[in-house]
Structures are given as C-alpha cells and as structure tokens.
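Attaching a single structure in structure tokens format; questions to follow.
Owing to the predicted nature of the structure, the values given are computational and were not obtained by experimental measurement.
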Amino acid sequence: MSSTACQEPVEHSGLLRFYSAVFYAGSSFVITVVNKTVLTSFRFPSYMCLGIGQMIATLVVLYAAKMSKTVQFQDFDRSIPLKIFPLPLLYVGNHITGLASTKKLSLPMFTVLRKFTILMTMVLEVYILRKTFPKSLVYSVVAIVLGAMVAASSDLAFDVEAYSFILLNDAFTAAIGVYTKKKLGTEGLGKYGVLFYNALIIVIPTLLASAVTGDLHKAITFEDWVEATFIFCFLTSCFMGFVLMYSIVLCSYYNSALTTTVVGAIKNMAVAYIGIFVGGDYLFSWTNFLGLSICMSGGLMYSYLIFNHKSSRSNAEGAQELKIQQGSAPQTK
C-alpha cells in the first residue's frame with residue numbers, strides 16, 4: 001500500500017492541529033469520568049436521558065451564541081436535513097451506545113474495546129474517502145486490536161450486552177468521524193451548523209423514545225435529584241456533552257477522522273491505567289493487564305507513525321518550497 005495515498009493537504013497550521021487534538025483529548029477524558037460518576041456512582045437509571053440533556057445543552061449554548069452573534073451558522077431551511085444526513089442518526093446511536101457501555105463496563109475494559117474504533121475508522125476511510133495506508137500503520141492497528149482481544153478474553157466481568165454496546169459505539173464513532181470530515185469539506189454548514197442541526201433533529205425523537213421505553217419516568221423519579229452533588233455532576237455531564245461534540249468536530253476539521261481517532265486512543269491509554277487503580281470496578285488478571293499493555297503499545301506506535309510522518313512531510317514540503325523559491329529568484333550580477 002502506498003504511503004503517499006494517506007497524505008492530506010496542509011490547510012491549517014501545526015498549532016491549530018495540535019491544540020484542537022489536545023482539546024478533544026481533554027474533553028473526552030473529562031466526560032468519560034463524569035459520565036461514569038453519574039451512571040455508576042450515583043446509579044442514575046437512564047443513559048438515554050443523560051444523552052438528551054447533552055443534546056439540549058448543545059442547542060441552548062449554540063442558540064444563545066448565535067443570537068448574541070458570537071458564532072454564525074446557516075438558518076434552518078428544507079435543505080438542512082438532506083445536507084447533514086446520515087450524521088443525526090449516527091450521533092444518536094453514538095450517544096446511546098456510548099452511555100450504555102460506560103454504565104455497564106469498567107473503565108479499563110471500556111477503553112480497551114474502544115480501540116476497535118481505530119480499525120473501523122481505517123476501513124471506513126478506505127471505502128468512503130478512498131484512502132490507503134502504509135503497511136507500518138496497518139501493523140500497528142493489528143497490534144492494537146490483538147491487545148484488545150487478549151485483554152477482553154480474560155475479562156472476568158464479561159457481559160454480552162455490554163460488549164455489543166461498545167462495539168456498536170465503536171462503529172458509530174468511526175462513521176461520525178469520517179462523515180463529519182466529509183460534510184465539513186463539501187456541504188458548507190460549518191462546525192457550529194453541523195452540531196446545532198444534529199442536536200435539533202434528533203432531540204425530539206430521542207425524547208419520545210425515552211418516554212415510550214420508560215426511561216424518562218425513571219429519570220424523573222430518580223431519588224437523588226435533591227442532592228446538590230448529583231445535580232452538579234449531571235449538569236456538568238450535559239455541558240461536557242456539548243464540549244465533546246464540538247471538540248470532535250474541531251479536531252476533524254483541523255486534522256482528519258483518523259487523527260481524531262488516534263488522539264482518542266492516546267486519551268484512552270491514560271484513562272485505562274488510571275482506572276486500574278481508581279474506580280474499584282476493575283478485576284485484575286495478568287492476561288488482561290498484558291493485553292492492555294500490548295494494546296497501548298500499539299497505540300503509541302500508531303501515534304508515533306502518524307505524527308512523525310506528518311512532521312517529516314511538513315519538513316519535506318518546506319524544503320521543496322524553499323528550492324522552488326530559490327530556483328525562481330531573479331539572477332543578479
């Protein structure tokens with residue numbers, strides 16, 4: 001496979017790419033911990049209603065920003081649903097499966113199985129964006145997946161439903177990254193328009209679904225609504241839902257779907273090892289720890305190859321540009 005096929009045109013500065021990646025990593029880390037606190041520590045019964053709260057927070061923040069002219073995005077018209085399809089469906093699927101898997105899995109196993117997102121993103125970029133990748137990157141992905149499989153094979157808290165949710169979440173996350181990059185490049189909605197109209201389109205159907213399934217009633221009658229600590233954590237999760245979605249769009253805008261996935265893997269590495277010592281729901285075994293370490297090593301190698309390749313390419317492009325400028329400079333005597 002050609003290593004040049006996965007190269008992308010340099011459209012943004014290195015600092016913008018780096019800061020957007022760090023912003024996404026930090027947001028993803030915080031919301032994982034907060035969601036785990038709300039759903040596990042406080043035993044909030046409805047991950048669907050938590051997702052609805054995050055959608056509402058997105059709508060409120062972006063609408064207020066638009067009214068105050070802090071941000072700008074296209075007004076709603078009949079073309080909007082067609083322009084952003086299938087992103088709304090992918091976002092609601094990602095919200096539901098992500099929150100469900102967060103509730104049912106320990107933090108280390110959650111982050112291990114999330115590594116399959118990298119493989120899925122690579123496959124989708126091949127079929128949707130027509131990219132190819134060098135063998136070294138493919139080998140690093142194989143190492144990541146192999147480590148994840150080894151770690152998951154010894155999970156003493158194995159849960160078929162939980163594993164199904166996390167694998168579905170991987171697929172939705174990969175599809176969101178690839179399609180977001182595609183929509184930002186072709187549809188002209190802008191970062192804020194994509195976020196706002198996704199939330200606007202999916203919030204009402206999701207609310208109706210929660211009412212039909214009984215999740216809404218469970219959430220309303222939850223006994224800890226009188227606890228200030230729970231309310232603070234719930235509202236923080238809602239706001240961080242907006243921040244996370246914005247950080248994903250921002251990172252995909254300045255980088256690529258693949259880079260966004262790599263950044264998520266780096267964040268997951270930190271979360272996984274912290275979760276071994278903090279949280280109390282990790283069942284230790286040497287096989288699991290070995291698989292986790294293989295998985296994280298593959299993620300580090302993958303990240304090194306991606307960013308080292310970009311750095312080398314930037315240096316080469318700079319040298320080539322310098323040669324062109326020197327060659328075109330007027331000759332003086």
Side-chain angles (χ1 to χ4, degrees), residues 11-12 16 20 23-24 27-28 31 46-99 124 128-129 168-169 171-213 215-216 219-220 234-257 260:
E11 298 177 353
H12 307 287
L16 285 175
S20 64
F23 178 44
Y24 165 57
S27 302
S28 184
I31 196 172
S46 176
Y47 53 81
M48 189 179 295
C49 288
L50 184 59
I52 292 171
Q54 294 173 354
M55 296 175 203
I56 293 174
T58 298
L59 291 173
V60 171
V61 171
L62 287 180
Y63 184 77
K66 182 177 173 65
M67 291 298 97
S68 64
K69 301 188 184 301
T70 303
V71 302
Q72 294 182 349
F73 52 87
Q74 180 181 346
D75 292 332
F76 184 82
D77 58 44
R78 294 180 180 180
S79 68
I80 293 295
L82 184 61
K83 281 184 177 182
I84 64 174
F85 184 83
L87 280 178
L89 296 179
L90 298 176
Y91 268 91
V92 70
N94 188 62
H95 263 293
I96 293 173
T97 57
L99 291 171
L124 287 178
I128 296 176
L129 302 182
L168 282 172
N169 186 237
F172 282 122
T173 302
I176 284 173
V178 173
Y179 276 104
T180 296
K181 184 67 176 179
K182 185 176 181 180
K183 296 298 180 181
L184 288 173
T186 60
E187 301 298 335
L189 287 172
K191 302 184 292 294
Y192 305 107
V194 168
L195 283 173
F196 183 83
Y197 290 118
N198 268 325
L200 181 64
I201 290 173
I202 65 181
V203 66
I204 295 179
T206 307
L207 186 60
L208 292 175
S210 69
V212 171
T213 58
D215 267 22
L216 184 60
I220 293 174
F234 184 87
L235 293 178
T236 301
S237 175
C238 292
F239 178 72
M240 286 306 303
F242 156 70
V243 174
L244 177 64
M245 290 298 103
Y246 176 65
S247 68
I248 290 173
V249 170
L250 198 67
C251 190
S252 298
Y253 177 75
Y254 287 122
N255 294 283
S256 68
T260 302

A side-chain contact here means heavy atoms from C-beta on lying under 4.5 Å apart; do Asp75 and Lys66 qualify?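 A side-chain contact under 4.5 Å exists here.
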
What's the shortest heavy-atom distance between Tyr24 and Cys251, and which atoms?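 Scanning both residues, the minimum pair turns out to be CB-CB, 4.1 Å.
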
With a 4.5 Å cut-off on side-chain heavy atoms, are Leu124 and Tyr179 touching? no

What is the distance from atom OG of Ser28 to atom CD1 of Ile248, rounded to the nearest 0.5 Å? 7.0 Å

Test Leu200 against Ile80 for side chain to side chain contact (heavy atoms under 4.5 Å, CB included), laying out the working first. CA-CA 11 Å; Leu200 181 64; Ile80 293 295; over 6 Å; no

How many angstroms lie between atom CG of Leu87 and atom CG of Asn94, to the nearest 0.5 angstrom? 11.0 Å

Measure the CE-CG distance between Met55 and Leu195 for me, rounded to the nearest 0.5 Å.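 Nearest 0.5 Å value for the CE-CG distance: 12.5 Å.
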
Any side-chain heavy-atom pair of Phe76 and Pro81 under 4.5 Å: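 A side-chain contact under 4.5 Å exists here.
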
State the OG1-CD1 distance between Thr206 and Ile56, to the nearest 0.5 angstrom.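 Thr206 atom OG1 to Ile56 atom CD1 measures 10.0 Å (nearest 0.5 Å).
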
If we only count heavy atoms from C-beta on, is the Thr58 to Phe196 side-chain gap below 4.5 Å? no

Enclosure of Tyr197 OH (heavy-atom neighbours >12, cutoff 6.0 Å): yes

Shortest non-hydrogen contact from Ile201 to Pro205?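 Heavy-atom minimum between the residues: O-CD, 3.3 Å.
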
Do Ser210 and Asp215 have side-chain atoms, one donor and one acceptor, less than 3.5 Å apart? no

Is the closest side-chain heavy-atom distance between Ile31 and Val243 below 4.5 Å? no

At what distance, to the nearest 0.5 angstrom, does CG of Leu59 lie from CG of Asn198? 10.0 Å

How many angstroms lie between CG in Leu50 and OH in Tyr47, if you round to the nearest 0.5 Å?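 It comes to 11.5 Å.
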
Would you say that Ile52 contacts Leu216 through its side chain, given a criterion of any heavy-atom pair below 4.5 Å between the two side chains? no

Tell me, yes or no, whether the heavy-atom count around Leu235 atom CG, taken from other residues, nucleotides or ligands under 6.0 Å, exceeds 12. yes

Check against side chain to side chain contact (heavy atoms under 4.5 Å, CB included), Phe242 and Leu62: CA-CA 9 Å; Phe242 156 70; Leu62 287 180; 3.9 Å; yes

Do the ring planes of Tyr246 and Phe23 sit parallel (below 30°), tilted (30 to 60°) or perpendicular (above 60°)? perpendicular

